[in-house]
Amino acid sequence: MRLRKKIVAAVSSAVLAAAMMAGCSSSSSSSAAADTTGTTAAVVASTVDGTQSAAAVLSANKAVHTAASAGSASEITLSGSSASSTASGVTIDGSTVTITAAGTYRISGTLTDGQIVVNAPDATVTLILDNASITSSATAAIAATEAEQLVIELAGGSTNTLADTSSYAEDADVNAALFSAGDLTITGSGALTVTGNGNDAITSKDGLLIQSGTITVNAKDDGIRGKDYVVVGGGTITVKAGGDGIKADNDTDADSGYVAISAGTLTVTAGGDGVDAATDIVVTDGTMTISSGGGHTAQVAGDASAKGLKSGVITVLEGGSTTVDAADDAVHSDGAVHFAGATVSVAGGDDGVHAEGAQVIDGGSLEVTAAVEGLEAAEFVLNSGDVHVVSSDDGINGAGGTSSTSDQGFGGGPGGGETVGDFSVTINGGTLVIDAEGDGLDSNGTATITGGTVVVNGPQGNGNGALDVNGSFTISGGVLLAAGSAGMVVTPGTDSAQGWLSATLDDAVAAGTTIQITDSEGTVVASYVTSKTVQNIVYSSPAITSGEKYTVSVGGTASGDSTGGLAASGSLGSAATVATVTAGEAPAGGFGRRR
């Protein structure tokens with residue numbers, strides 16, 4: 001068990017108050033009141049409602065700007081180190097083309113060492129790139145230094161390229177190959193390759209909307225960055241970035257700093273974070289493939305951040321398909337994470353999914369293929385969905401950085417105690433399969449199972465257990481099978497509404513062994529095939545009656561569908577009895593713990 005102590009940076013009370021008013025950090029009724037005289041991000045986490053839908057989060061955020069429609073286009077022709085145009089809103093000085101009036105401009109040709117500048121205060125300017133190639137050795141390729149909105153339309157069938165200087169001054173305001181001081185929209189069916197040699201590739205100092213197109217980004221630092229938001233509604237986007245892949249960095253306004261994806265195909269390879277939002281990440285559709293920091297087998301250098309998806313307030317994955325391979329946490333939120341129907345597969349060099357506050361699963365599928373801690377949150381809730389976790393340490397960990405509330409003694413061995421914090425793991429439905437080398441289902445606070453199916457293929461070493469709950473642990477419905485070592489055995493409480501049994505075998509059984517549990521009449525109530533060496537098994541289902549005797553046997557056959565090794569049915573055959581237990585009684589002896 002790893003109890004993470006984490007100190008996070010302070011945020012102003014004004015920002016916190018605004019965030020608590022907004023849907024992206026709406027208060028949970030069970031949360032403690034925030035300290036309005038000064039607080040930390042850890043306090044913000046406790047106020048974030050992890051059940052929020054994508055629509056609820058987005059409705060409280062800054063509205064996305066409306067993309068302007070193209071009008072009749074004026075022509076700008078690029079010719080090596082010069083350009084030509086008859087449009088009244090265009091001035092040309094050598095290889096610098098400056099647009100000073102609202103309107104639509106079609107750009108074609110090649111500018112080998114020059115720049116397009118948009119200086120049209122409060123205006124909307126549309127640039128139709130029609131086989132345009134612009135390279136600058138001194139600054140950005142396209143820079144809208146003054147504009148209400150810059151629209152980049154990629155003409156159908158066209159291939160366009162933008163590349164900038166190899167370096168910028170530290171205090172440079174314009175610092176990306178494609179830069180806009182106002183809102184930026186990218187649309188059209190053509191192709192665009194943007195190379196940010198000196199810093200970022202695509203940057204907007206307001207909102208950034210990508211509607212369509214085939215967009216390839218290569219950046220020294222961040223790939224695609226919008227201050228208030230980055231919204232993707234379509235297109236095929238490939239990002240390779242030395243820094244963050246996609247980023248929204250307004251951490252001052254509570255309704256800004258978010259990333260929303262509703263369609264499209266995104267492939268992001270980042271040295272830093274894959275997607276980094278100061279507030280929210282919301283995904284309702286589309287396909288995302290994220291690799292950050294070299295993937296889960298790589299090491300994160302120093303205090304660098306190489307998370308897959310990182311949000312400051314909440315991440316909502318409501319639809320689409322997301323695959324993440326990260327050197328750090330694959331999915332991380334300083335507030336909450338809500339899985340609400342998406343198909344998600346992650347591998348993390350640290351946590352698979354980490355939330356400082358709540359982590360709620362309401363459908364879809366979630367697979368953690370590799371992680372140290374699988375799913376970690378102060379409050380973990382599974383209501384529905386299919387979840388499979390593979391971890392080298394704890395599978396599910398109800399933990400965080402808040403202080404303990406009480407000590408709880410444990411029996412079945414030497415006296416002692418463990419701190420019980422304000423953490424919880426709750427399973428109300430769905431299917432949860434855990435393959436853990438540390439504790440399987442672990443809560444530094446309480447645990448509750450009311451429904452669903454939970455199978456824990458727990459640790460083989462005696463220093464951890466398939467179940468590890470510091471506080472109360474009750475089960476009132478569903479099915480639980482937890483198998484692992486016998487050194488740290490924890491069972492549900494005797495006040496549980498549903499019966500359970502715990503059997504510690506005299507000798508451990510090897511992986512691939514079929515274990516049968518039968519009632520007093522010889523009826524098989526559970527058939528389980530081990531995937532590891534096992535010496536203790538905890539089982540609960542509606543078929544178990546407290547006070548009744550049950551027999552544990554080794555052998556026979558398992559048949560039908562399998563959930564993490566728990567078969568739909570089985571038969572004893574010539575199975576040999578290895579234990580007889582009474583439901584509701586924890587095994588005595590050993591040096592382990594039992595509740």
Visitor: Less than 3.5 Å apart, any donor N or O on the side chain of Ser321 or Thr343 sitting next to an acceptor on the other?
Guide: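 Short answer, no.
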Visitor: Report the residues that fulfil side-chain contact (heavy atoms from CB on, under 4.5 Å) with Asp435, sequence neighbours left out, ordered by chain and then residue number.
Guide: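 Once residues adjacent in sequence are excluded, the partners of Asp435 under the side-chain contact (heavy atoms from CB on, under 4.5 Å) criterion are His388, Val390, Val433, Asn457, Ser531.
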Visitor: The criterion is side-chain contact (heavy atoms from CB on, under 4.5 Å); which residues satisfy it with Asp164, sequence neighbours excluded?
Guide: Tyr168, Ala177, Asn197
Visitor: Scan residues 93-105 for pairs that pass side chain to side chain donor-acceptor pair (under 3.5 Å), counting only residues two or more places apart or in two chains.
Guide: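 For residues 93-105, and leaving out neighbouring residues, there are no side chain to side chain donor-acceptor pair (under 3.5 Å) pairs at all.
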Visitor: Test of understanding: with ring pair (Phe, Tyr, Trp, His ring centres under 6.0 Å), list the residues that count as partners of Phe179, not counting sequence neighbours.
Guide: none
Visitor: With respect to Val387, which candidate in Val368, Leu382, Ile396 satisfies the side-chain contact (heavy atoms from CB on, under 4.5 Å) definition?
Guide: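 Among the candidates, only Leu382 passes.
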Visitor: First locate atom CG of Asp329, then atom NZ of Lys307, and finally report the distance between them rounded to the nearest 0.5 Å.
Guide: 5.5 Å
Visitor: What pairs with Ala378 under side-chain contact (heavy atoms from CB on, under 4.5 Å), at least two apart in sequence or on another chain?
Guide: Phe423
Visitor: Which pairs count as side chain to side chain donor-acceptor pair (under 3.5 Å) when at least one residue sits in residues 282-304, sequence neighbours excluded?
Guide: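 Those involving residues 282-304 are His296-Asp325.
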Visitor: Could you give the side-chain donor-acceptor pairs of residues 141-148 under 3.5 Å, partners two or more places apart or in another chain?
Guide:
from: Thr145; atom 1: OG1; to: Val118; atom 2: O; distance (Å): 3.4

Visitor: What pairs meet the salt bridge (charged side-chain N to carboxylate O under 4.0 Å, His left out) rule with one or both residues in residues 180-207, with sequence neighbours excluded?
Guide: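 Matches after skipping sequence neighbours: Asp173-Lys205, Asp200-Arg225.
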Visitor: Of the non-hydrogen atoms in Ala120 and Ala101, which two are nearest, and what is the gap between them?
Guide: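 What the structure gives for the nearest pair is CB-N, 4.0 Å.
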Visitor: Scan for side chain to side chain donor-acceptor pair (under 3.5 Å) pairs involving residues 76-90, sequence neighbours excluded, and state none if there are none.
Guide: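 Not a single pair qualifies under side chain to side chain donor-acceptor pair (under 3.5 Å).
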Visitor: Would you check if Ile76 and Ile99 make a side-chain contact, meaning some heavy-atom pair closer than 4.5 Å?
Guide: yes
Visitor: For residues 107-126, pull every pair meeting side chain to side chain donor-acceptor pair (under 3.5 Å), keeping only residues two or more places apart or in separate chains.
Guide: Asp113-Ser137
Visitor: For the residue pair Asp249 and Asp276, establish whether any side-chain heavy-atom pair is separated by less than 4.5 Å.
Guide: no
Visitor: What are the two closest non-hydrogen atoms of Tyr258 and Ala277, and how far apart are they?
Guide: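 Closest approach of Tyr258 to Ala277: CA-CB, 4.2 Å.
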Visitor: Check the pair Val344, Val353 against side chain to side chain contact (heavy atoms under 4.5 Å, CB included), reporting the backbone distance first and the verdict last.
Guide: CA-CA 11 Å; Val344 181; Val353 180; over 6 Å; no
Visitor: Not counting sequence neighbours, which residues clear side-chain contact (heavy atoms from CB on, under 4.5 Å) with Gln211? List them please.
Guide: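 Only Ala67, Thr185, Thr187, Leu209 meet the side-chain contact (heavy atoms from CB on, under 4.5 Å) criterion with Gln211.
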Visitor: Which pairs would a plain distance check flag for residues 226-243, meaning a side-chain donor or acceptor within less than 3.5 Å of a matching protein atom at least two apart in sequence or in another chain?
Guide:
from: Asp228; atom 1: OD1; to: Asn250; atom 2: ND2; distance (Å): 2.8
from: Asp228; atom 1: OD2; to: Lys62; atom 2: NZ; distance (Å): 2.4
from: Tyr229; atom 1: OH; to: His65; atom 2: N; distance (Å): 2.8
from: Tyr229; atom 1: OH; to: His65; atom 2: ND1; distance (Å): 2.7

